[in-house]
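Here the structure comes first, spelled out in structure tokens, and everything after it is commentary.
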Amino acid sequence: MKSEPQSELELLERASNIAGISFQELADEAKIEVPPDLRRDKGWVGQLLEWHLGATAGSKPTQDFEQLGIELKTIPISYSGKPLETTFVCVAPLVGVHGLTWETSHVRNKLSRVLWVPVEGEREIPLAERRVGSPLIWSPSEEEELQLKTDWEELMEMIVLGRVEQINARHGEMLQLRPKAANSRVLTEAYGASGKPIKTLPRGFYLRTQFTARILEQHFI
DNA sequence: GCGTGATCATGA
DNA sequence: TCATGATCACGC
């Protein structure tokens, strides 16, 4: 593992220095194997980049670079430069949500400052040959933050009203709520009708590709 | 089971 | 073709 970067500039420089490098080359340096594909290693690219950039948070529910207040997100892009996948943000709280506000939410904290690292994501490109793209540091604009806040409040209101099982991925303009679990049999506690406890599938907040596409676009304009 | 890292696979 | 709902691996 590399040391933790001591400043935002140092982090950005590290990310810039691996732009254009193939996953094979990065894996060799980290002394790890490149899997044949991502079917059984969905988080492999993210962990490869964590290693190279010196992220230390591990599986803690905090920003990847706590000291710098920065979250790392790799984002797979198509040949046209558009995101191929939505972006997971964090697990959604389903209980103990009384008094939670956007201002203190994990979503806002994680997205307050993000190092986006685009990576080649087309499945027809062998994993070992895919390359890292140019990084960018981003914070939400006022408009973006308002969009996120609006979505978050709508989703959290449904959760607190015991309507979590009526939420589907079509809710939320930019921020959506979807399953986040090992499989569909996993259960966690939530509020049901009349506030009675129920067991339901754990959920996570995800950014729509439309939202992340704009972030990347604006950087290149 | 929870939270991290996410992408897969299928129906519309 | 594309987004939704489901899924995979790991540390603890």
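Remember, predicted model here, so these are calculated numbers, not experimental data. Letters go in sequence order (proteins before strands), and every chain restarts at 1.
Side-chain atoms of A/Tyr206 stay outside donor-acceptor range of the base of C/dA3, with no qualifying N/O pair under 3.5 Å. Taking 3.5 Å as the limit, the base of B/dC8 and the side chain of A/Glu85 contain a donor-acceptor pair of atoms between them.
If you check every strand for non-hydrogen atoms under 4.0 Å, A/Thr74 touches sugar and phosphate atoms only. Nucleic acid contact class of A/Gly46 (heavy atoms, under 4.0 Å, all strands): sugar-phosphate only. Nucleic acid contact class of A/Lys82 (heavy atoms, under 4.0 Å, all strands): none. Backbone-only engagement by A/Leu201 is indicated by non-hydrogen atom pairs under 4.0 Å involving sugar-phosphate atoms exclusively. The residue A/Glu189 sits apart from the nucleic acid: no heavy atom pair falls under 4.0 Å.
Looking only at side-chain heavy atoms (C-beta outward), A/Ile159 and A/Met156 come within less than 4.5 Å of each other. For the pair A/Tyr79 and A/Ile125, the minimum side-chain heavy-atom distance is below 4.5 Å. Considering only heavy atoms from C-beta on, A/Val107 stays 4.5 Å or farther from A/Leu148 through its side chain. The shortest distance between side-chain heavy atoms of A/Gln63 and A/Asn109 falls below 4.5 Å.
If you take CZ of A/Arg203 and C1' of C/dA6, they are 12 Å apart, rounded to a whole angstrom. Going from atom CG of A/Asp41 over to atom P of B/dT4 covers 20 Å, rounded to whole Å. Between A/Glu33 atom CD and C/dA9 atom P the separation is 17 Å, expressed in whole Å. The nearest whole Å value for the distance from the CG atom in A/Leu84 to the P atom in C/dT1 is 13 Å. A/Asn109 has its CG atom 15 Å from the P atom of B/dG3, to the nearest Å. Atom CG of A/Leu127 and atom C1' of B/dT7 are 11 Å apart (whole Å). One interatomic measurement links the two molecules: CG of A/Asp64 to P of B/dG3, which rounds to 16 Å at whole-angstrom precision. Here the C1' atom of nucleotide B/dT7 and the CD1 atom of A/Ile75 are 13 Å apart, to the nearest Å.
In this structure, A/His219 contributes its side chain and A/Leu216 its backbone to no donor-acceptor pair below 3.5 Å.
Judged by distance alone, the side chains of A/Gln176 and A/Arg178 do bring a donor and an acceptor atom under 3.5 Å apart. Under 3.5 Å, the side chains of A/Trp102 and A/Glu145 contain a donor-acceptor pair of N or O atoms. Side-chain contact of A/Asp28 with A/Gln24: a donor-acceptor pair under 3.5 Å is present, judged by distance alone. Side-chain contact check for A/Glu144 and A/Ser141: at least one donor-acceptor pair (N or O, by modelled atom type) lies under 3.5 Å.
Look at A/Arg39 and you won't find any side-chain N or O under 4.0 angstrom from OP1 or OP2 of B/dT7. For A/Ser184, no side-chain nitrogen or oxygen approaches OP1 or OP2 of C/dG5 to under 4.0 Å.
Less than 4.0 Å separates DNA chain C from at least one heavy atom of each of the following residues of residues 149-183 of chain A: A/Asn168, A/Ala169, A/Arg170, A/Gln176, A/Arg178, A/Pro179, A/Lys180, A/Ala181, A/Ala182, A/Asn183.
Set against C/dT4, B/dT4, B/dA6, the side chain of A/Lys73 has B/dA6 as its closest nucleotide. Here B/dA6 is the nucleotide among B/dT4, B/dC2, B/dA6 with the atom lying nearest to any side-chain atom of A/Lys42. Among the nucleotides C/dC8, B/dA9, B/dG3, the one closest to any side-chain atom of A/Arg40 is C/dC8. Looking at the side chain of A/Phe88, the nearest of the listed nucleotides B/dT4, B/dC8, C/dT7 is B/dT4. When the nucleotides C/dT4, B/dC8, B/dG1 are ranked by their closest atom to the side chain of A/Val186, B/dG1 comes out on top.
Checking A/Gly121 against A/Val91, the closest nucleotide of DNA chain B that is more toward the 5' end is the one next to A/Val91. Each of A/Gln47 and A/Arg208 was matched to the nucleotide of DNA chain C holding its nearest heavy atom; the match closer to the 5' end belongs to A/Arg208. Residues A/Leu38 and A/Lys60 both approach DNA chain B. Their nearest nucleotides, taken by heavy-atom distance, put A/Lys60 toward the 5′ side.
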Pair A/Glu103-A/Lys149, salt bridge (charged side-chain N to carboxylate O under 4.0 Å, His left out): steps then yes or no | CA-CA 9 Å; A/Glu103 281 65 32; A/Lys149 177 182 179 181; 3.8 Å; yes

Could you write out DNA chain C as a dot-bracket string, with dots for unpaired bases, | for bases paired across to another strand, and Watson-Crick or G-U pairs counted at under 3.5 Å?
-> ||||||||||||

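Taken together through direct or relayed side-chain contacts under 4.5 Å among Ile, Leu, Val, Met, Phe, Trp and Tyr, A/Val119 and A/Leu115 form part of one hydrophobic cluster.
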